[in-house]
Q: 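Handing you this structure, nothing more for now.
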Amino acid sequence: MGYSFPSKCWCCVRPEEESVAHVFFTSYAAKKVWTYFFSYAGLSFEGLSLQQAIVRCWSVEVIPRLKPIFQALPCIIVWELWKRRNSNKHDDPVSINRVVHQICTTIQSLVKVRKSGIRYVPQRWPDVLHMMENYMPRLRVTKVTWEFPIAGWTKINSDGASRGNPGRSSIGFCLRNEQGDLIYAVGKEIDETTNTQAEARAILEALRYCTNIGISQIWLETDSILLKNTIEGNWKPPWIIEEEVEEIKEMIRRCNGRVSHIYREGNKLADHLANYALNMGNLECHELQHLDTKGRRLVNVDKLRCPNLKIKVVRS
């Protein structure tokens with residue numbers, strides 16, 4: 001008939017004008033739901049708008065493991081309130097307690113996905129908060145030690161760095177003999193690129209240096225499992241480094257080389273060289289004395305075979 005009327009709210013016993021703020025925040029049901037979750041979390045609900053309540057959940061100061069749960073909470077609440085509104089509209093009433101139960105179940109599922117190492121996750125919201133606040137993850141500790149090359153071999157440790165991925169990038173590599181003494185070390189900035197390209201570039205330049213000065217019997221050690229497997233032919237290389245990988249494989253064949261993987265904790269000198277180039281500038285050393293203080297310390301730590309600890313959270 002050409003007349004505009006406000007939409008009828010389906011979430012209240014006494015229908016009011018339906019709006020986003022009313023359905024999701026100011027209605028009786030919405031207030032009860034938000035108050036339940038806010039009160040147990042120690043948050044104040046009074047005087048807030050819907051937008052402010054969402055910001056409060058995102059900015060609340062909690063322990064890191066609870067942060068993703070609080071960030072997801074507004075979305076879960078809004079979704080369940082919307083489902084209740086639609087059910088009521090189509091003559092399938094849903095109680096407020098049922099909405100709270102569904103939200104708690106979704107949060108329980110979220111915790112199980114993010115913390116798969118937890119065997120039992122409670123369903124009630126206050127119990128979830130208590131459990132997460134007192135949760136102590138199980139840790140797996142692995143000793144990582146730099147290994148000496150065998151007699152007559154030269155060991156290369158390489159690494160690449162990219163701040164931004166892609167962004168400012170650098171490479172670092174070092175050559176050491178069977179006594180662990182430094183033969184050559186380089187840290188230099190390269191064109192902006194990705195981590196994977198920087199890793200490949202570091203390996204390639206290290207092998208080129210060895211070829212130029214006539215070093216054979218090379219043990220190449222990298223903390224990139226991607227580069228290790230692509231060089232050995234177990235994985236297909238990404239197209240962006242395909243040419244570099246083919247050249248690396250050919251050079252390793254010519255110099256009777258081998259490739260192995262080491263955890264980052266055992267590759268600290270190469271990592272330091274790459275980051276030094278970004279922080280301080282390029283560095284080239286033919287002797288230990290030419291390295292900076294931290295670099296010299298890392299060489300000596302490796303020679304003494306001091307173990308580094310790799311700590312990982314057990315997820316199952």
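Keep in mind that what you see is a predicted model, and the values were worked out from it rather than measured.
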Q: Among I215, L182, N157, I218, exactly one meets side-chain contact (heavy atoms from CB on, under 4.5 Å) together with L175. Which residue is that?
A: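 Filter result, single survivor: I215.
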Q: Quick check for you: to the nearest 0.5 Å, what is the distance between Q217 atom CD and C255 atom SG?
A: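 So the CD of Q217 and the SG of C255 are separated by 9.5 Å.
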Q: Less than 3.5 Å apart, any donor N or O on the side chain of K143 or N308 sitting next to an acceptor on the other?
A: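 Absent: no donor and acceptor within the cut-off.
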Q: Side-chain contact test, heavy atoms from C-beta onward, threshold under 4.5 Å: evaluate it for L278 versus R163 and give yes or no.
A: yes
Q: With a cut-off of 6.0 Å (strictly less than), are more than 12 heavy atoms of other residues, nucleotides or ligands near NZ of K310?
A: yes
Q: If we count only N and O atoms by modelled type, under 3.5 Å, do the side chains of E189 and S169 hold a donor and an acceptor together?
A: no
Q: Are C174 and L273 packed together at the side-chain level, in the sense that at least one heavy-atom pair is separated by less than 4.5 angstrom?
A: yes
Q: Contact between V186 and E205 at the side-chain level, heavy atoms closer than 4.5 Å - yes or no?
A: no
Q: Is there a side-chain contact between I54 and Q51, using heavy atoms and a 4.5 Å cut-off?
A: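 No; the side chains remain at least 4.5 Å from each other.
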Q: Are more than 12 heavy atoms, taken from residues, nucleotides or ligands other than W58, located less than 6.0 Å from that residue's CH2 atom?
A: no
Q: Give a yes or no on whether the backbone of G152 and the side-chain of E178 come within a donor-acceptor separation of less than 3.5 Å.
A: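 Looks like yes, one N/O pair under 3.5 Å.
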Q: If only side-chain N and O atoms count, and only distance matters, is there a donor-acceptor pair under 3.5 Å linking Q102 with R98?
A: yes
Q: Whether K155 engages the ring of W146 as a cation-pi pair (distance to the six-membered ring centre under 6.0 angstrom, angle to the ring normal within 45°) should be assessed.
A: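 Yes, K155 lies over the aromatic ring of W146.
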Q: Charged N to carboxylate O below 4.0 Å: is that the case for D302 and K268?
A: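 No salt bridge links D302 with K268.
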Q: Taking the six-membered ring for Trp, are F37 and W125 ring centroids under 6.0 Å apart?
A: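 Centroid distance F37-W125: below 6.0 Å, so yes.
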Q: Donor-acceptor pair, R84 side chain versus V99 backbone, under 3.5 Å?
A: no
Q: What is the minimum heavy-atom distance between A161 and N195, and which atoms define it?
A: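 Smallest heavy-atom distance, with atoms named: C-OD1, 3.8 Å.
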Q: Taking the side chain as every heavy atom from C-beta outward, state whether V128 and V111 have any pair of such atoms under 4.5 Å apart.
A: yes
Q: Check the side chains of T194 and Q197 for a donor-acceptor pair under 3.5 angstrom, ignoring hydrogens and angles.
A: yes
Q: When you compare the side chain of T222 with that of E199, does any pair of heavy atoms fall below 4.5 Å?
A: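 Contact flag for E199/T222 side chains = yes.
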Q: Does either side chain, that of W219 or that of T154, offer a donor lying less than 3.5 Å from an acceptor on the other one?
A: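 There is no such pair between these side chains.
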Q: Checking the side chain of N267 only, and the main-chain atoms of A270 only, is there a donor and an acceptor separated by less than 3.5 Å?
A: no
Q: Does atom CZ of R253 have more than 12 heavy-atom neighbours from other groups under 6.0 Å away?
A: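 Correct, the count exceeds 12.
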Q: Under the side-chain contact (heavy atoms from CB on, under 4.5 Å) test against F25, which residue among V33, L50, V20 passes?
A: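 When side-chain contact (heavy atoms from CB on, under 4.5 Å) is applied between F25 and each of V33, L50, V20, only L50 qualifies.
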Q: Given the rule in the salt bridge (charged side-chain N to carboxylate O under 4.0 Å, His left out) test, do E133 and R65 qualify, once you have shown the distances and angles that lead to the verdict?
A: CA-CA 8 Å; E133 288 172 351; R65 70 177 71 101; over 6 Å; no
Q: Decide if atom CD of E232 counts as having more than 12 heavy atoms of other residues, nucleotides or ligands within a radius under 6.0 Å.
A: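 Correct, the count exceeds 12.
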Q: Does CG in N134 sit with more than 12 non-hydrogen atoms of other residues, nucleotides or ligands closer than 6.0 Å?
A: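 Yes, enclosed.
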Q: Run the salt-bridge test on D271 and R264 with the 4.0 Å N-O cut-off and return the result as yes or no.
A: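 Yes.
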Q: With side-chain hydrogen bond (donor to acceptor under 3.5 Å, both in side chains) as the test, pick out the partner of Y184 among E287, E284, H286.
A: E284
Q: Of the non-hydrogen atoms in L283 and H290, which two are nearest, and what is the gap between them?
A: CD1-O, 4.1 Å
Q: Between T230 and L227 (side chain of the first, backbone of the second, donor and acceptor by atom type, cut-off under 3.5 Å), is there such a pair?
A: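 Yes; at least one donor-acceptor contact below 3.5 Å.
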Q: Between the side chain of E221 and the main-chain N/O of I262, is any donor-acceptor distance below 3.5 Å?
A: no
Q: When you look at NZ of K312, are more than 12 heavy atoms from neighbouring residues, nucleotides or ligands closer to it than 6.0 Å?
A: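 For K312, atom NZ is not crowded (no more than 12 foreign heavy atoms under 6.0 Å).
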Q: Specify the closest pair of heavy atoms between L298 and L269, including all atoms of both residues, with the distance to one decimal.
A: CD1-CA, 3.9 Å
Q: Would you say the side chains of H272 and D159 form a donor-acceptor pair under 3.5 Å?
A: no
Q: Taking the six-membered ring for Trp, is the centroid-to-centroid distance between H22 and F24 below 6.0 Å?
A: no
Q: Verify, without hydrogens or angle tests, whether D181 (side chain) and N177 (backbone) share a donor-acceptor contact under 3.5 angstrom.
A: no
Q: Would you say I107 and I103 make side-chain contact, with heavy atoms under 4.5 Å?
A: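 SC-SC contact between I107 and I103 confirmed.
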Q: Does V60 offer a backbone N or O that forms a donor-acceptor pair with the side chain of K67 under 3.5 Å?
A: yes
Q: For the ring pair F38 and F70, is the centre-to-centre distance below 6.0 Å?
A: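 Centroid distance F38-F70: not below 6.0 Å, so no.
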Q: Applying salt bridge (charged side-chain N to carboxylate O under 4.0 Å, His left out) to R208 and E247, what does each step give before you reach the verdict?
A: CA-CA 10 Å; R208 286 172 177 171; E247 185 175 350; 3.2 Å; yes
Q: Verify, without hydrogens or angle tests, whether Q123 (side chain) and H101 (backbone) share a donor-acceptor contact under 3.5 angstrom.
A: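 Judged by distance alone, yes, a pair lies under 3.5 Å.
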Q: So, do V121 and M131 sit near enough that their side-chain heavy atoms are less than 4.5 Å apart?
A: yes
